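These notes concern the structure reproduced below.
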Amino acid sequence: MTDSSPVQVPGTVLTTRRIGAYQTMTLVAPGVAERFRPGQFVALAVGGEQSSMLLRRCFAVREVKPDFGGTVEIVFSVRGKGTQWLAGLRPRDIVDVAGPLGRPFPLPRHPVTCVLVGVAHASAALFPLAAVLRQRDCPLHFLLGGGTADDVHGARGARRAGDSVAVATGDGSLGSAGTVEDLLAGAIEGAQAEVVYACGPLDTLRSVSRTCAGYGIPAQVAVEEPMACGTGVCMACVLPVIGDDGATHMVRTCVEGPVFRGERVRWDDVGTIPFDALGAPRALRLGERP
């Protein structure tokens, strides 16, 4: 069995390119690629050795290959100084890579019909999953979304990997006008889906989880909580999640996640510590003001 423990390696930039609204980067990262399982992520140091940007940036993995000892491809949106620095790297530049991190998607033991839901560049995490599900003879149906046509990631790859692909954009510039949530019920019924895998913003994952609960099928969701360390030390990415014991626990997205069972996440309480959470402050448990 392949060692699944994370490693920290100097990653060499192999290629960078712009696709639609996003930047893609392929890194030679031996050790990371061979340990990776779909749903896990990598954390990259940004800014160089003399930078004041101390916190890593965490990214879903779009693809791994055995080339050059192991490569990892990530997709990201340029938003702040850290991602601007990454987007400016060129082939042969070096970036510190830690990974693979987090828990992967659970995989079915037998062929089941799957709906794969992705919004914007979060869709990247669906493609390694789709490759493994295909190896297990699972029918795959993609739902991809974004605000505009440029915001949709992976439509072409989804057509190659899936049995069907439906796209929704907020402005109607690609596919139907609306959101992937608008398409989900029809996709579940049309495909007679048995499980849904989803990646995207919290509002999407909340809606997907509730829709799946209504149909009595499981939703496996990869949460995009901001992560400062990626290793569970800083406690910046905690979510209220119901455990196997029936109690609510404040769990770390980067360690206990990023993949969770959708019905277990207390979506309406995200950003808070529920009064009944295990270990909640005494004032909260007693209904007092903190």
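What you see is a predicted model, and the numbers here were worked out from it, not measured in a lab. The first residue of the sequence shown is numbered 1, and numbering continues consecutively from there.
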Cluster link [X] to [Y], ILVMFWY, side chain under 4.5 Å:
X	Y	result
Val119	Val265	no
Leu101	Val61	no
Val221	Ile188	no
Leu14	Val46	no
Val32	Phe68	no

For the residue pair [X] and [Y], establish whether any side-chain heavy-atom pair is separated by less than 4.5 Å.
X	Y	answer
Glu189	Tyr215	yes
Met227	Cys254	yes
Asp96	Gln8	yes
Gln23	Thr16	yes
Thr169	Asp151	no
Glu63	Pro128	no
Val112	Arg136	no
Ile74	Thr24	no

* Asked: Counting heavy atoms not belonging to Arg103, are there more than 12 under 6.0 Å from its CZ?
  -> no

* Asked: Does CG belonging to Asp245 count more than 12 external heavy atoms closer than 6.0 Å?
  -> yes

When rounded to the nearest 0.5 angstrom, what is the spacing between [atom1] in [X] and [atom2] in [Y]?
X	Y	atom1	atom2	result
Arg206	Asp268	CZ	CG	5.5 Å
Leu239	Arg252	CG	CZ	12.5 Å
His249	Arg266	NE2	CZ	11.0 Å
Phe275	Thr248	CZ	OG1	9.0 Å
Cys212	Arg261	SG	CZ	12.5 Å
Leu144	Arg159	CG	CZ	8.5 Å

Using only atom types and a distance under 3.5 Å, with no angle test, would you say the side chain of [X] pairs donor to acceptor with the backbone of [Y]?
X	Y	answer
Trp267	Gly262	yes
Thr71	Asp67	no
Asp182	Thr179	yes
Ser209	Glu263	no

* To do: List the steps, then state whether side-chain contact (heavy atoms from CB on, under 4.5 Å) holds for Leu140 with Arg134.
  => CA-CA 8 Å; Leu140 305 179; Arg134 267 301 187 204; 3.7 Å; yes

Distance only, no hydrogens: is a donor on one side chain within 3.5 Å (strictly under) of an acceptor on the other, for [X] and [Y]?
X	Y	value
Arg57	Thr83	no
Ser164	His141	yes
Asp171	Ser173	yes

Heavy-atom closest pair, residues [X] and [Y]:
X	Y	value
Met25	Leu86	CE-O, 3.1 Å
Ser123	Gly118	OG-C, 3.0 Å
Ala191	Thr113	O-CG2, 3.4 Å
Ala122	Cys199	O-CB, 3.3 Å
Ala120	Tyr22	CB-OH, 3.2 Å
Gln40	Arg35	OE1-O, 3.7 Å

* Asked: Going by an N to O cut-off under 4.0 Å, is there a salt bridge joining Asp93 and Arg90?
  -> no

* Residues Arg18 and Asp150 bridged, charged N to O under 4.0 Å -> no

* Assess whether side-chain contact (heavy atoms from CB on, under 4.5 Å) is satisfied between Leu44 and Arg56, documenting all intermediate values. => CA-CA 5 Å; Leu44 275 56; Arg56 290 175 178 265; 5.5 Å; no

* Can you list the steps and then say if Ile217 with Val195 is a side-chain contact (heavy atoms from CB on, under 4.5 Å)? -> CA-CA 6 Å; Ile217 63 174; Val195 62; over 6 Å; no

* Decide if the gap between the ring center of Phe127 and the ring center of Phe142 is smaller than 6.0 angstrom. => yes

* To do: Show your working on side-chain contact (heavy atoms from CB on, under 4.5 Å) between Leu27 and Val13 and close with a plain yes or no.
  => CA-CA 5 Å; Leu27 296 158; Val13 177; 3.7 Å; yes

* **Trace of the ring pair (Phe, Tyr, Trp, His ring centres under 6.0 Å) decision for Tyr197 with Phe105** => CA-CA 8 Å; Tyr197 294 93; Phe105 286 110; 5.5 Å; yes

